[in-house]
Amino acid sequence: MTTIFIVLGLFLIVTFIFLQHPLFGKQPSGERLERIQKSKYYKNGQFHNLSNTPAFAEDASYFSAIKELLFSKVEHTKPTDSIPYVKTNLNDLEITEDYLIWFGHSSYLMQIDGKKLLIDPVLTKNASPLYNTNVAFKGADVYTYDSLPKIDYLVLTHDHYDHLDYTTFKKIQANVSKIVCPLGVGAHLEYWGYPKENITELDWFESASLIDSLSITATPARHFSGRSFKRNTTLWASYVLKSNNLNLYLGGDSGYDTHFKEIGTKYGPFDLAILENGQYDRKWKYIHMMPEEVLKASSDLQAKRFFPVHSSKFKLANHPWKEPLEKVAAYAKTNPTTKMISPKIGEIVYLNNTNQTFEAWWENVE
């Protein structure tokens with residue numbers, strides 16, 4: 001019994017020391033917390049979704065979800081082959097047009113009206129606070145923080161590790177001019193050395209002007225936040241990014257709900273909606289969309305084209321790695337009101353060219 005208590009005590013001490021690492025970020029305090037407390041989406045010490053949002057479905061629990069993730073025998077959750085990619089030199093691109101380049105999962109670079117925007121960059125090989133526990137697929141790891149050009153605006157949707165990576169943020173700090181993020185997330189960034197005056201934090205339905213021709217509005221998502229045991233002390237968001245020529249929806253992570261219809265009615269139609277499609281499970285259906293719901297969300301948003309992301313880089317759920325793309329592509333063929341785009345990692349998407357075509361690149365990858 002004494003040995004058990006000693007082992008338990010040592011475990012608790014090691015855990016406590018580990019949790020002091022800066023990668024876990026900082027809780028909002030002071031003036032930031034005072035502003036958070038004025039948000040109508042913040043009650044009883046945490047942010048809330050527009051609809052009641054259980055962490056798990058009615059027939060699931062945290063224990064059953066973890067058990068399945070660790071011990072289920074789903075095949076092909078990781079590719080045997082390398083993920084196909086195009087190696088584009090991001091520093092030498094002499095393109096004046098608006099474009100997008102995807103890095104896998106939910107990370108991508110855009111150029112709009114000459115300004116470069118980087119979204120949710122995770123450009124290391126690990127999407128977890130524990131090293132080597134969630135390693136990027138081969139081929140999906142070719143773009144790193146060293147690949148990036150100067151960034152005018154870094155845009156964050158929420159503070160989860162597969163969207164806000166400590167190492168990436170430390171490495172690119174000298175290359176980033178301004179940051180846009182949801183309420184409270186700036187506490188992490190300031191703690192990591194980003195100047196407060198360079199961070200714009202938005203509540204849902206708040207807007208910011210980036211330049212005269214480019215604005216961004218934070219809009220709801222159905223999700224949650226947190227980098228340790230305490231959840232929902234920072235906000236999560238999607239965004240409407242609008243220029244003179246383009247109206248874009250940056251979806252972040254979200255379960256399906258009525259907010260898509262509301263956003264489509266208020267801000268649509270959209271030239272392109274970037275929507276999560278991957279790392280789903282019926283057990284957590286309220287916080288991540290199933291593939292058939294991606295099409296419903298795209299339709300609700302009145303999107304002319306949609307781009308499914310949140311897949312093809314990390315294994316965060318027990319479905320075959322390419323199932324999200326297979327399913328959403330099949331659903332898209334039956335829906336004539338919206339068009340799916342499917343660029344490879346690193347392939348240039350010309351945002352004003354609605355006739356640009358893309359391969360179903362996953363079909364020939366094992």
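Hydrophobic clustering places Tyr41 together with Val185 (ILVMFWY residues linked when any side-chain heavy atoms are closer than 4.5 Å, directly or through intermediates). Using a 4.5 Å cut-off between side-chain heavy atoms of Ile, Leu, Val, Met, Phe, Trp and Tyr, with links allowed through other members, Val74 and Phe314 fall into different hydrophobic clusters. Cluster membership for Tyr108 and Tyr145, using ILVMFWY side-chain heavy atoms within less than 4.5 angstrom, is shared. Hydrophobic clustering of Ile, Leu, Val, Met, Phe, Trp and Tyr side chains at less than 4.5 Å, counting indirect connections, keeps Val349 apart from Val86. Hydrophobic clustering of Ile, Leu, Val, Met, Phe, Trp and Tyr side chains at less than 4.5 Å, counting indirect connections, unites Trp361 with Tyr85.
No more than 12 heavy atoms of other residues, nucleotides or ligands shown are found within 6.0 angstrom of NZ on Lys43. For Phe137, the CZ atom counts as densely surrounded, since its 6.0 Å shell holds more than 12 non-hydrogen atoms of other residues, nucleotides or ligands.
Below 30°, between 30° and 60°, or above 60°: for Phe260 and Tyr249 the angle between ring planes is above 60°, a perpendicular geometry. Ring planes of Phe205 and Tyr267: parallel class, angle under 30° (limits at 30 and 60°). Using cut-offs of 30° and 60° on the angle between ring planes, the pair His288 and His310 is parallel.
Taking the charged nitrogens against the carboxylate oxygens, Arg282 and Glu292 do have a contact shorter than 4.0 Å, which makes a salt bridge. Checked for salt-bridge contact, Lys196 and Glu31 meet the test: a charged N lies under 4.0 Å from a carboxylate O. Salt-bridge check for Arg35 with Glu201: failed, with every basic side-chain N at 4.0 Å or more from each acidic carboxylate O.
Asp271 is linked by a salt bridge (charged side-chain N to carboxylate O under 4.0 Å, His left out) to Lys304, counting only residues two or more places apart in sequence or in another chain. Considering only residues two or more places apart in sequence or on other chains, Glu262 meets the salt bridge (charged side-chain N to carboxylate O under 4.0 Å, His left out) condition with none of them.
The two residues Trp192 and Pro22 make their nearest non-hydrogen contact at NE1-O, 2.7 Å.
Ring pair Phe47/Tyr42: centre-to-centre distance below 6.0 Å.
For Arg231 and Phe224, the positive end sits near the middle of the six-membered ring, less than 6.0 Å away and at most 45° from its axis. Taking the ring axis of Tyr194 as reference, the NZ or CZ atom of Lys170 does not stay both within 45° of it and closer than 6.0 Å to the ring centre.
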Q. Please walk me through it: do Tyr99 and Tyr350 pass ring-ring contact (aromatic ring centres under 6.0 Å, His included)?
A. CA-CA 5 Å; Tyr99 65 78; Tyr350 294 95; 7.4 Å; no
Q.
Before you tell me yes or no, could you show the steps for Ser213 and Asp113 under side-chain hydrogen bond (donor to acceptor under 3.5 Å, both in side chains), namely the whole-Å CA-CA distance, both residues' side-chain angles and the distance that decides it to 0.1 Å?
A. CA-CA 8 Å; Ser213 62; Asp113 286 2; 2.7 Å; yes
Side chains of residues 321-329: which donor-acceptor partners sit under 3.5 Å, not counting sequence neighbours?
{"unit_1": "Lys322", "atom_1": "NZ", "unit_2": "Trp362", "atom_2": "O", "d": "3.2"}
{"unit_1": "Lys322", "atom_1": "NZ", "unit_2": "Val365", "atom_2": "O", "d": "2.7"}
{"unit_1": "Glu323", "atom_1": "OE2", "unit_2": "Tyr280", "atom_2": "OH", "d": "2.7"}

Listed pairs under 3.5 Å, donor-acceptor, residues 336-346 side chains, sequence neighbours left out:
{"unit_1": "Thr337", "atom_1": "OG1", "unit_2": "Asn335", "atom_2": "OD1", "d": "2.5"}
{"unit_1": "Thr338", "atom_1": "OG1", "unit_2": "Ser298", "atom_2": "OG", "d": "3.1"}
{"unit_1": "Thr338", "atom_1": "OG1", "unit_2": "Ala303", "atom_2": "O", "d": "3.1"}
{"unit_1": "Lys339", "atom_1": "NZ", "unit_2": "Thr354", "atom_2": "O", "d": "2.9"}
{"unit_1": "Ser342", "atom_1": "OG", "unit_2": "Glu359", "atom_2": "O", "d": "2.9"}
{"unit_1": "Lys344", "atom_1": "NZ", "unit_2": "Glu359", "atom_2": "OE2", "d": "2.9"}

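Within the structure, no pair that satisfies the ring pair (Phe, Tyr, Trp, His ring centres under 6.0 Å) test touches residues 172-191, not counting sequence neighbours. Under the salt bridge (Lys or Arg N to Asp or Glu O under 4.0 Å) criterion, the residue pairs touching residues 138-156 are Lys125-Asp141, with sequence neighbours excluded.
Partner Ser254 forms a side-chain hydrogen bond (donor to acceptor under 3.5 Å, both in side chains) with one of Glu293, Glu276, His259 and no other, that one being His259.
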